[in-house]
Protein chains: 2
Amino acid sequence: MNSKKGVTIYDIAQQLKITPSMVSRALSGNGYVNDATRQLVRETAEALNYKRNTVASNLRMGQTKTIGVIVPRINQNFFANVIAGIENIAYEKGYSLIICQSDEQNEKEVKSVNTLINQRVECIVISVSADSYNYKHLQNVIDQGIQLIQFDRVAEDLDTLKVINDNEQASFDAIRHLIEQGYKKIALLEGPQNLAIFRQRKNGYLRALKQHGLPVKDDYIIENAWTKELGAAATKKLLGFNDAPDAIFASTSDFSALGVLEVANQLNIKVPSQLGICGYSNEAFTEITSPSITTVDQYSVDMGKTVANLFFDRIEEQADAIAAKTVSIKPELIIRGSTSRMV
Amino acid sequence: MNSKKGVTIYDIAQQLKITPSMVSRALSGNGYVNDATRQLVRETAEALNYKRNTVASNLRMGQTKTIGVIVPRINQNFFANVIAGIENIAYEKGYSLIICQSDEQNEKEVKSVNTLINQRVECIVISVSADSYNYKHLQNVIDQGIQLIQFDRVAEDLDTLKVINDNEQASFDAIRHLIEQGYKKIALLEGPQNLAIFRQRKNGYLRALKQHGLPVKDDYIIENAWTKELGAAATKKLLGFNDAPDAIFASTSDFSALGVLEVANQLNIKVPSQLGICGYSNEAFTEITSPSITTVDQYSVDMGKTVANLFFDRIEEQADAIAAKTVSIKPELIIRGSTSRMV
DNA sequence: TTTCTATATGCAATCGATTGCACAAATTTA
DNA sequence: TAAATTTGTGCAATCGATTGCATATAGAAA
């Protein structure tokens with residue numbers, strides 16, 4: 001009971017003078033076992049405080065019941081929510097989660113992928129880092145016969161399951177809403193254009209302007225403004241123009257939108273009457289700023305659940321022939337005070 | 001290269017007409033290997049896209065280089081931050097993280113502990129769920145010879161490493177600050193008293209009142225008010241008293257404090273002049289409410305790093321004789337608008 | 001030249017659980 | 001009662017990597 005090494009099925013077998021095979025069968029429920037024997041094995045296992053060694057079991061069975069998840073930052077609301085969603089479904093199915101954080105660095109992402117492959121996880125779920133410049137490591141996952149599911153930030157060229165928000169549509173909706181509220185000079189704070197999500201959001205912006213006959217001014221499009229500080233700086237620049245915008249869509253994040261709001265307050269520019277502000281992500285705080293911030297809810301927990309369900313559907317149907325597909329979750333525009341000037 | 005089964009050291013050995021032992025040595029760097037052979041092995045491994053099977057390796061070596069983490073909710077800022085902190089250190093040391101979520105349910109917590117034991121993780125890091133009524137499952141971890149580190153919400157009776165905030169002191173500091181600001185009738189929103197952290201915060205509250213000669217009114221202590229809604233309800237009740245409090249310390253969370261603030265705004269009670277409000281956790285939003293909310297920063301990422309470092313220190317020093325100890329991280333009172341009426 | 005040592009390699013056991021196959025005992029069916 | 005099933009049990013191989021021990025070869029020291 002207190003020996004240094006753990007208790008194994010051999011110990012149980014020895015004690016009961018039966019073979020390890022029988023112990024294994026009794027405990028796993030596979031194959032024939034006399035009820036009395038099974039009962040005895042269970043009791044002995046309990047008494048010895050036996051814990052099945054999953055490592056050994058996994059090796060023999062050639063499976064690990066483990067999903068690997070790689071995100072840029074664990075402690076970013078959106079990703080934490082997605083992970084929580086995945087965990088929910090995985091737990092029900094008896095699967096474990098190994099979590100890696102790429103810290104937005106390609107190198108760390110590559111290493112994490114390799115670790116997960118080595119661990120023989122059955123599926124790798126990933127949202128790529130901002131500085132990922134190529135996707136050999138992801139192709140590798142596929143070559144190893146491991147399921148690969150991308151979400152949110154996806155490498156579009158790779159033929160995998162993908163779960164994304166319809167960023168283009170959400171962005172379009174946001175701009176249309178601004179236009180309907182009477183804003184005519186709408187600026188865009190955009191994210192790194194090597195990531196598809198940000199390109200899509202930009203496209204939605206462009207399409208909406210075009211469809212409503214508004215001109216696109218290059219000056220109104222600010223690159224890489226995705227922190228509060230960068231959002232603030234961008235705003236100062238934009239509001240300094242002779243022909244300053246009357247609305248700013250922070251397509252990168254709510255933090256960026258917050259920076260916009262703070263600068264507006266600072267400059268005593270009234271929101272929403274003089275300036276409309278729309279963010280992205282529906283962070284908790286957007287509800288409680290004054291005015292509250294209009295934003296886009298990405299249904300992050302649902303996204304995680306969708307990802308997990310895709311994996312389980314696939315393995316349960318044995319249908320690895322199912323073509324790669326993209327599931328698009330429609331985000332929802334949450335209209336709040338920062339854009340509501342026509343009441 | 002594309003056979004169904006993965007490439008093993010046997011495949012490499014066969015190709016080079018050497019033994020698997022040599023391949024293992026060449027790849028791991030243990031034992032003598034001719035440079036030429038090593039080079040050849042490396043190239044072949046690369047060419048065949050060999051990936052070492054960690055499962056097999058772990059079984060043989062009797063280690064897993066894995067840490068298990070159990071938290072009530074992954075997508076709660078504080079916990080996500082702690083996990084991020086742990087991940088940071090673990091990654092440097094080449095360790096992986098298996099994450100479980102107890103959803104505040106004892107049953108799920110127990111199952112998660114067992115899964116982690118079965119996986120033979122080398123350390124289990126846990127913050128216990130709110131409805132944990134006994135700690136047999138944790139005792140079990142210790143009995144299995146697995147390191148157990150508790151953080152934040154800890155079972156005090158268990159003789160383990162613990163990393164906590166000095167909740168009592170932080171709470172004391174908060175109340176003292178309120179008193180210094182001239183508040184005299186301070187109410188407390190308290191959390192489930194079966195959790196030590198909430199008892200400690202209450203103690204800090206009581207000690208501060210006593211030390212400053214203020215009376216303790218039972219009416220001013222509201223149980224289990226740890227969501228925004230419950231905080232709001234509690235506030236309505238408190239402000240309805242003939243002798244209503246002039247300050248509310250939401251020791252449970254910032255969300256609760258937010259509920260307080262919203263009710264105050266609703267009732268047109270001025271914060272901080274008529275009512276002081278102090279929260280707990282330093283959630284991002286506390287900075288941007290109006291007024292901003294005074295709160296306690298728990299240094300959550302550091303907490304995660306501390307936890308991980310404790311584990312690595314211990315295994316690196318081989319010093320499992322080190323007595324269980326408690327590391328206390330001093331939280332910091334962040335003073336903001338909601339309590340600053342004397343400027 | 002002989003002895004010794006450092007280096008290189010192979011053999012076979014091991015980690016712990018699972019399972020196909022063989023055989024025996026018990027039970028059912030013909 | 002004999003033949004056919006259904007159960008119960010054991011044996012030994014297997015999953016893939018690692019490592020102690022034995023052996024062989026090279027070069028170095030005596």
Side-chain angles (χ1 to χ4, degrees), chain A residues 3-42 44-45 48-66 115 117-122 144-145, chain B residues 3-42 44-45 48-66 115 117-122 144-145:
Chain A
S3 69
K4 276 163 224 162
K5 294 277 141 196
V7 180
T8 73
I9 52 172
Y10 293 87
D11 300 317
I12 298 177
Q14 198 166 34
Q15 184 145 135
L16 296 178
K17 299 194 195 312
I18 56 177
T19 53
S21 345
M22 289 313 296
V23 177
S24 171
R25 286 194 267 256
L27 256 22
S28 71
N30 298 344
Y32 295 114
V33 180
N34 186 308
D35 281 347
T37 311
R38 166 168 286 127
Q39 190 53 31
L40 226 46
V41 169
R42 286 212 179 118
T44 315
L48 296 178
N49 202 8
Y50 164 81
K51 301 282 174 181
R52 165 204 263 125
N53 186 324
T54 316
V55 179
S57 173
N58 285 344
L59 174 60
R60 173 61 222 250
M61 313 237 286
Q63 49 141 54
T64 53
K65 291 192 156 225
T66 301
T115 305
I117 293 177
N118 290 347
Q119 306 247 23
R120 299 295 192 267
V121 297
E122 295 178 19
Q144 293 288 332
Chain B
S3 70
K4 276 163 225 162
K5 293 278 142 196
V7 180
T8 72
I9 53 172
Y10 293 87
D11 299 318
I12 299 177
Q14 197 167 33
Q15 185 146 134
L16 296 177
K17 298 195 198 308
I18 56 178
T19 53
S21 342
M22 290 312 296
V23 178
S24 172
R25 289 191 189 110
L27 258 21
S28 70
N30 298 344
Y32 294 115
V33 180
N34 186 309
D35 281 347
T37 311
R38 166 167 287 125
Q39 191 52 31
L40 225 48
V41 169
R42 285 211 180 118
T44 314
L48 296 178
N49 201 8
Y50 165 80
K51 301 281 174 183
R52 166 205 261 123
N53 186 326
T54 315
V55 179
S57 174
N58 285 345
L59 174 60
R60 174 60 223 251
M61 314 239 285
Q63 49 141 56
T64 52
K65 291 195 155 223
T66 301
T115 305
I117 293 177
N118 291 347
Q119 307 247 22
R120 298 295 191 269
V121 297
E122 296 178 19
Q144 294 287 332

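Reckoned from all heavy atoms, side chains included, excluding hydrogens, waters and symmetry mates. Reminder, nothing fancy here: chain letters follow the sequence lines and each chain counts from 1.
In this structure the side chain of B:Asn49 reaches within 4.5 angstrom of the side chain of A:Gln144, judged on heavy atoms. Using a 4.5 Å heavy-atom threshold, the side chains of A:Tyr50 and A:Leu27 count as touching.
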5' to 3', nucleotides 10-15 of chain D under a 4.0 Å protein heavy-atom cut-off (B base, S sugar-phosphate only, - none) gives BBBBBB
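Within the nucleic acid shown, A:Thr37 comes within 4.0 Å of sugar-phosphate atoms alone, with no base atom in reach, counting heavy atoms only. Counting non-hydrogen atoms under 4.0 angstrom, A:Asn30 reaches the backbone sugars and phosphates but no base.
Rounded to the nearest 0.5 Å, atoms CG (A:Asn58) and CZ (A:Arg120) are 12.0 Å apart. Separating the OG1 atom in B:Thr44 from the CD atom in B:Gln14 is a distance of 12.5 Å, to the nearest 0.5 Å. For the atom pair B:Arg25 CZ and B:Asn34 CG, the distance stands at 13.0 Å (nearest 0.5 Å).
Between the C1' atom of C:dA17 and the CG atom of B:Asn58 lies a distance of 15 Å, rounded to the nearest Å. Atom CZ of B:Arg120 and atom P of C:dA17 are 7 Å apart (whole Å). Atom C1' of nucleotide C:dA8 and atom CD of B:Gln39 are separated by 17 Å, given to the nearest angstrom. What separates CG of A:Leu16 from P of D:dT9 is a distance of 11 Å, to the nearest Å. Between the P atom of D:dT19 and the CG atom of B:Leu27 lies a distance of 13 Å, rounded to the nearest Å.
Within the 4.0 Å cut-off from OP1 or OP2 of C:dG16, not a single side-chain nitrogen or oxygen of A:Ser24 is found.
Taking both residues in full, the closest heavy atoms of B:Ala13 and B:Thr19 are given as CB-C, 3.7 Å, listed atom of the first, atom of the second, then distance. Minimum interatomic distance between B:Arg52 and B:Ser28 (heavy atoms only, all atoms of both residues): NH2-CB, 4.0 Å.
Around CD of B:Gln39, the count of heavy atoms belonging to other residues, nucleotides or ligands within 6.0 Å exceeds 12.
A side-chain donor-acceptor contact under 3.5 Å links A:Thr54 to the backbone of B:Asn118.
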Dump the pairs, protein N or O against N or O of nucleotides 3-7 of chain C, anything under 3.5 Å, distances to one decimal.
residue: C:dT7; atom: OP2; partner: B:Tyr32; partner atom: OH; Å: 3.4

